[in-house]
> 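Encoded as structure tokens, here's the structure I'll be asking about.
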Number of protein chains: 2
Amino acid sequence: MSLPTTSDFLPHIAYDSVIFGFSKGKLKILLMEYHDTGWFALPGGFVGKNEDLNHAVQRGLKERTGLENIYLDQFYTFGNLDRHDPEVMKTILAANGYLVKDDFWLLDRFLSIAYYALIDYEKVTLLPDSLSDSIDWYDIDALPDLILDHRKIVDKALQTLRENLDRKLIGGKLLPERFTMKELQQVYEAILGEKIRRSSFQRKILGLEILERHEKLFTGKSHKAPFLYSFKE
Amino acid sequence: MSLPTTSDFLPHIAYDSVIFGFSKGKLKILLMEYHDTGWFALPGGFVGKNEDLNHAVQRGLKERTGLENIYLDQFYTFGNLDRHDPEVMKTILAANGYLVKDDFWLLDRFLSIAYYALIDYEKVTLLPDSLSDSIDWYDIDALPDLILDHRKIVDKALQTLRENLDRKLIGGKLLPERFTMKELQQVYEAILGEKIRRSSFQRKILGLEILERHEKLFTGKSHKAPFLYSFKE
DNA sequence: TATTATTGTCTCAATATGTAACAATAGATC
DNA sequence: GATCTATTGTTACATATTGAGACAATAATA
């Protein structure tokens, strides 16, 4: 196991990903916890010298989640000077046994291109990277402190996701292929952070004619069974 | 006069700006024309090693237009490999009398962070950079061919501007401090590329209660004089 | 068979938008 | 000064769209 080297990757350029999942009525994101430090950060990475930017992000997501062809939206590139703090990376590397010189490329200033991803929580197989103890889901309403400006990145991701929700009809990306109307509504509520009126929601979504209605789902509960839906391709 | 050097700027990182103006009922953008080549490109630049990304863009805009505190929106970072074509930059440099080696930093691959700007057409003083013959306004509906992927950047800028128009209420940024309702409507029509019903538009905009109504504008024409409006701060 | 929880749909009110008309008015024409 | 023209600000009415609640249907339980 070795550190990424400056000959393989573009200097000064990184990406960070805010990976959203949905489980038990809650919106969650993936965070990495670095060895020893107790520090949390967004999953991120670097761009190969001969690699498309979007490919680098897809590659990183596959390494962490096992998933391919993930829904991704690039939402902002963070390029302020105040996001540069070489001590943070130095400490993370030191905690992993890497003692590097002050001019080591990972200690340089980085611009970060930020993406959010929407994935099916159930399909994920989590795998930490070499510098991390763990990667795990955290409730969006109860995040630990994050390194550098990662909290700002999360906030802007959520803001963008909210703005895009109706426009791009991406709520379903957080659910399995087939889902009930109630589940879809819960996704919307979790993203928007507010309750939605059931009848209005159902009427609006069905009115868009983007859903296919399938068989009913019998859960064994003593009440009317809901239909299952999927998005038309 | 000399070329920017790799010791002053971050390698592999550029920005491009789609600068919108509005004049005579038409939406326009600024393009640079490079010496001899006859090639057109978006105004762009590089980020200083100790400079905020947003500052670099504001700095570039000031150099080209004379304006400060321009309204800017970052909308996408272009990072595909296929946008790399060293021959283009080589030719531009050669046309300016610069013969550079193949490993010259400006011939490297660049990621470009793209912004659109909205400015008051009347307030601009255009100034080309050292590699360009001229910088000038071009009707958005009649652009010349652009180098590299700059046409794609323009298209995405316009698309984003359209999506943001109602949400961010930025139409007025293209007009002087005070303007008539008809002028504002023409801005909206130019951006959206479609006619808008006069009464609906007026009702909607006034209903937002973001405009201040001032004195009437007497143009000498033989009809009712329109009010002047400004945006509430 | 009655009960409970939840679903799909409908109704009516409130709000927003499309469409057209009307009255007001600044200057031109006579 | 009276009339005409072009354009403006506003209103009226029809047509969606959305908010809020009610109602009937139904899967399992008692």
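Each chain gets a letter, A, B and so on, in the order the sequences are listed, and its residues count up from 1. This one's a predicted model, so the numbers in the text were calculated from it and none came from an experiment.
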> Show the atom names and distances, to 0.1 Å, of all donor-acceptor pairs under 3.5 Å that link a side chain in residues 13-29 of chain B to residues at least two apart or in another chain.
unit_1	atom_1	unit_2	atom_2	d
B:D16	OD2	B:S112	OG	2.6
B:S17	OG	B:P43	O	2.8

> Quick check: are there more than 12 heavy atoms from other residues, nucleotides or ligands sitting under 6.0 Å from CG of A:D82?
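Buried by this count: over 12 neighbours within 6.0 Å.
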
> Which residues pass the side chain to side chain contact (heavy atoms under 4.5 Å, CB included) test with B:D155, not counting sequence neighbours?
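B:D155: side chain to side chain contact (heavy atoms under 4.5 Å, CB included) contacts with B:R151.
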
> Taking only N and O in the side chain of A:R197, is any of them less than 4.0 Å away from OP1 or OP2 of D:dG19?
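Indeed not, no polar side-chain atom of A:R197 lies that close.
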
> Using heavy atoms and a sub-4.0 Å distance, could you list which residues of residues 162-173 of chain A are near DNA chain C? By number, please.
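Of all residues in residues 162-173 of chain A, none places a heavy atom under 4.0 Å from DNA chain C.
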
> With sequence neighbours left out, write down each residue that passes side chain to side chain contact (heavy atoms under 4.5 Å, CB included) with B:E209, or none if nothing qualifies.
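In terms of side chain to side chain contact (heavy atoms under 4.5 Å, CB included), with neighbours along the sequence ignored, B:E209 is linked to B:K232.
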
> Side chains of residues 191-199 of chain A: which donor-acceptor partners sit under 3.5 Å, not counting sequence neighbours?
none

> B:R162: what forms a side chain to side chain donor-acceptor pair (under 3.5 Å) with it, not counting sequence neighbours?
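B:R162 satisfies side chain to side chain donor-acceptor pair (under 3.5 Å) with no residue once adjacent residues are dropped.
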
> So which heavy atom on A:L118 is nearest to which on A:I70, and how close?
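Minimum heavy-atom separation between A:L118 and A:I70: O-CG2, 4.3 Å.
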
> Determine the interplanar angle of the B:F201 and B:Y188 rings, folded into 0 to 90°, and report it as parallel if under 30°, tilted if 30 to 60°, perpendicular if over 60°.
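B:F201 and B:Y188: perpendicular rings.
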
> Can you name the side chain to side chain donor-acceptor pair (under 3.5 Å) partners of A:E212, sequence neighbours left out?
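For A:E212, no residue satisfies side chain to side chain donor-acceptor pair (under 3.5 Å) once neighbours in sequence are set aside.
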
> Counting only heavy atoms and a strict 4.0 angstrom limit, can you tell me which residues of residues 183-195 of chain A come near DNA chain C?
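Of all residues in residues 183-195 of chain A, none places a heavy atom under 4.0 Å from DNA chain C.
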
> If the sugar-phosphate is the primed atoms plus P, OP1 and OP2 and the base is the rest, what is the B/S/- string for nucleotides 22-30 of chain C, using protein heavy atoms under 4.0 Å?
--BBBBS--

> Within the structure shown, what part of the strands sits under 4.0 Å from A:T180 by heavy-atom distance: base, sugar-phosphate, or nothing?
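Nothing: the residue A:T180, judged by heavy atoms under 4.0 Å, touches no strand.
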
> Do any of residues 202-215 of chain B sit with a heavy atom less than 4.0 Å from DNA chain C, and if so which?
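Correct list: B:R203.
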
> Given atom CG of A:L217 and atom P of D:dT26, what is their separation to the nearest angstrom?
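Rounding to the nearest Å, CG of A:L217 and P of D:dT26 are 17 Å apart.
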
> Could one point to a donor on the side chain of A:S199 or the base of C:dG8 with an acceptor on the other under 3.5 Å away?
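Per atom types, no contact qualifies.
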
> Should the ring pair B:Y71 and B:Y116 be called parallel, tilted or perpendicular, given that the plane angle runs from 0 to 90° and is split at 30 and 60?
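The arrangement is tilted - the two ring planes meet at 30° to 60°.
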
> With sequence neighbours excluded, give me every ring pair (Phe, Tyr, Trp, His ring centres under 6.0 Å) pair touching residues 206-233 of chain A.
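As it turns out, the ring pair (Phe, Tyr, Trp, His ring centres under 6.0 Å) pairs with a partner in residues 206-233 of chain A, which skip direct neighbours, are A:F179-A:F231.
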
> Could you list the residues that satisfy side chain to side chain contact (heavy atoms under 4.5 Å, CB included) with A:D120, not counting sequence neighbours?
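So A:D120 forms a side chain to side chain contact (heavy atoms under 4.5 Å, CB included) with A:E122, A:K123, A:P176.
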
> Before you tell me yes or no, could you show the steps for B:Y138 and B:F40 under ring-ring contact (aromatic ring centres under 6.0 Å, His included), namely the whole-Å CA-CA distance, both residues' side-chain angles and the distance that decides it to 0.1 Å?
CA-CA 11 Å; B:Y138 291 82; B:F40 293 89; 5.5 Å; yes

